[in-house]
J.: 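First, the structure itself, so that you have it in front of you.
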Amino acid sequence: MDFRLPSTDQLLLYGLLSCALIAITSGCIMSSFKTMLMVYGIGVFLLLLIFIPDWPYFYRHPREWMQPKRLESSSSIISQSRAELLRSSSFDSKGHR
Amino acid sequence: MHSYALRVNTAVTLAIMVLAVLCSFVSLSDHFHASSPHVHLEVLSIDAFQRQKAGNDEVWLTLNISADFSSVFSWNTKQLFIFVAAEYVTPKNVVNQVSLWDAILVSKNHAKFSIKTRNKYSFVDQGNNLRGSDFNLTMYWHVMPLTGAMYTEKQVFSGFRLPTE
């Protein structure tokens with residue numbers, strides 16, 4: 001089974017939902033709305049502490065971005081359509097009229 | 001998630017939305033709360049029965065109000081607004097409701113009480129139809145929650161009569 005770690009925003013959502021669950025349980029047990037809000041507030045604050053500052057673990061596995069390719073061959077679609085435009089109308093090589 | 005602003009924005013928005021869902025669950029939990037208040041109302045005496053200058057009847061009563069609302073308070077209750085209303089029928093108006101006394105109960109500790117009091121607000125009729133008429137005393141209570149919608153219930157005590165003279 002291929003397991004991939006959830007992305008940051010998904011982790012944040014799961015963290016918030018579990019905070020909410022813990023908060024509502026503790027509020028029900030203590031029968032106090034204030035307790036629920038305080039537990040939720042502390043949970044949210046801890047989550048913000050984990051996710052917002054630039055911690056080193058965010059740099060561990062950088063995503064590979066593709067390098068931009070230069071338009072060399074005339075067989076590419078973009079260069080073909082550009083050639084058509086140049087032939088068909090009075091546009092110059094830069095695309096202006 | 002590449003900048004502070006984006007992370008703060010996402011996190012705070014999500015936290016507030018989850019809080020909204022949390023509050024809706026809390027207000028739904030009020031449906032499972034069983035409340036059984038005990039109320040007793042009676043009229044101890046009719047102190048004065050006058051006619052005002054404009055021709056309207058005015059009555060002053062002494063009421064004995066004893067109630068125990070502590071079971072109505074749940075974890076989602078902010079306060080309870082209670083009032084006693086006199087209801088009667090006249091040839092001119094089918095329904096007349098006059099509020100005689102009210103109170104705000106802020107917590108469970110204040111919820112059990114028993115007082116003998118004159119009506120706080122004047123009991124005035126539109127016209128002079130109060131001689132010898134029957135009236136009901138109804139105790140209404142509005143439950144104001146911390147989150148969610150307010151609801152109101154009542155208990156009717158009937159069989160009171162005003163004197164004929």
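Lettering of chains follows the sequences in order, A, B, ..., and the numbering in each one begins at 1.
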J.: Taking everything shown except Lys120(B) itself, do over 12 heavy atoms lie less than 6.0 Å from its NZ?
T.: yes
J.: Establish whether Val8(B) and Leu11(A) are linked, either directly or via other cluster members, by ILVMFWY side-chain heavy-atom contacts under 4.5 Å.
T.: yes
J.: Quick check on the hydrophobic clustering: are Leu47(A) and Ile42(A) connected, directly or via other members, by side-chain heavy-atom contacts under 4.5 Å?
T.: no
J.: Below 4.5 Å from any heavy atom of chain B, which atoms of Phe33(A) appear? Answer side chain, backbone, both or neither.
T.: both
J.: For Cys19(A), is it the side chain, the backbone, both or neither that has a heavy atom under 4.5 Å from a heavy atom of chain B?
T.: neither
J.: Which bit of Met30(A) is near chain B, if near means a heavy-atom gap under 4.5 Å: side chain, backbone, both or neither?
T.: neither
J.: Between Ala11(B) and Leu12(A), what is the shortest heavy-atom contact and its length?
T.: CA-CD2, 3.6 Å
J.: Can you name the residues of residues 83-102 of chain B that have some heavy atom under 4.5 Å away from a heavy atom in chain A?
T.: none
J.: Give the member of Leu37(A), Ile24(A), Val44(A) that has the highest number of heavy-atom pairs under 4.5 Å with chain B.
T.: Ile24(A)
J.: For the CZ atom on Phe25(B), are there more than 12 heavy atoms of other groups (residues, nucleotides or ligands in this structure) within a distance under 6.0 Å?
T.: no
J.: Is it the case that atom CD in Gln126(B) sees more than 12 heavy atoms from other parts of the structure closer than 6.0 Å?
T.: no
J.: Consider only side-chain heavy atoms of I, L, V, M, F, W and Y, link residues closer than 4.5 Å, and tell whether Leu137(B) and Ile115(B) are in one cluster.
T.: yes
J.: Shared ILVMFWY cluster between Leu17(A) and Leu48(A), side chains joined below 4.5 angstrom?
T.: yes
J.: For the atom pair CG (Leu13(A)) and CE (Met17(B)), what is the distance rounded to the nearest 0.5 Å?
T.: 8.0 Å
J.: Apply the hydrophobic cluster definition, ILVMFWY joined by side-chain contacts under 4.5 Å directly or through others, and give me every member besides Ile22(A).
T.: Val39(A)
J.: Sub-4.5 Å heavy-atom contacts with chain A: which residues of residues 59-79 of chain B show up?
T.: Trp75(B), Asn76(B)
J.: Treat each ILVMFWY residue as a node, draw an edge where side-chain heavy atoms are under 4.5 Å apart, and state whether Val12(B) and Ile52(A) are in one component.
T.: yes
J.: How long is the span from the CG atom in Leu19(B) to the CG atom in Leu16(A), to the nearest 0.5 Å?
T.: 10.5 Å
J.: Anything in residues 146-155 of chain B with a heavy-atom distance to chain A below 4.5 Å? Please list those residues in order.
T.: Leu146(B), Thr147(B)
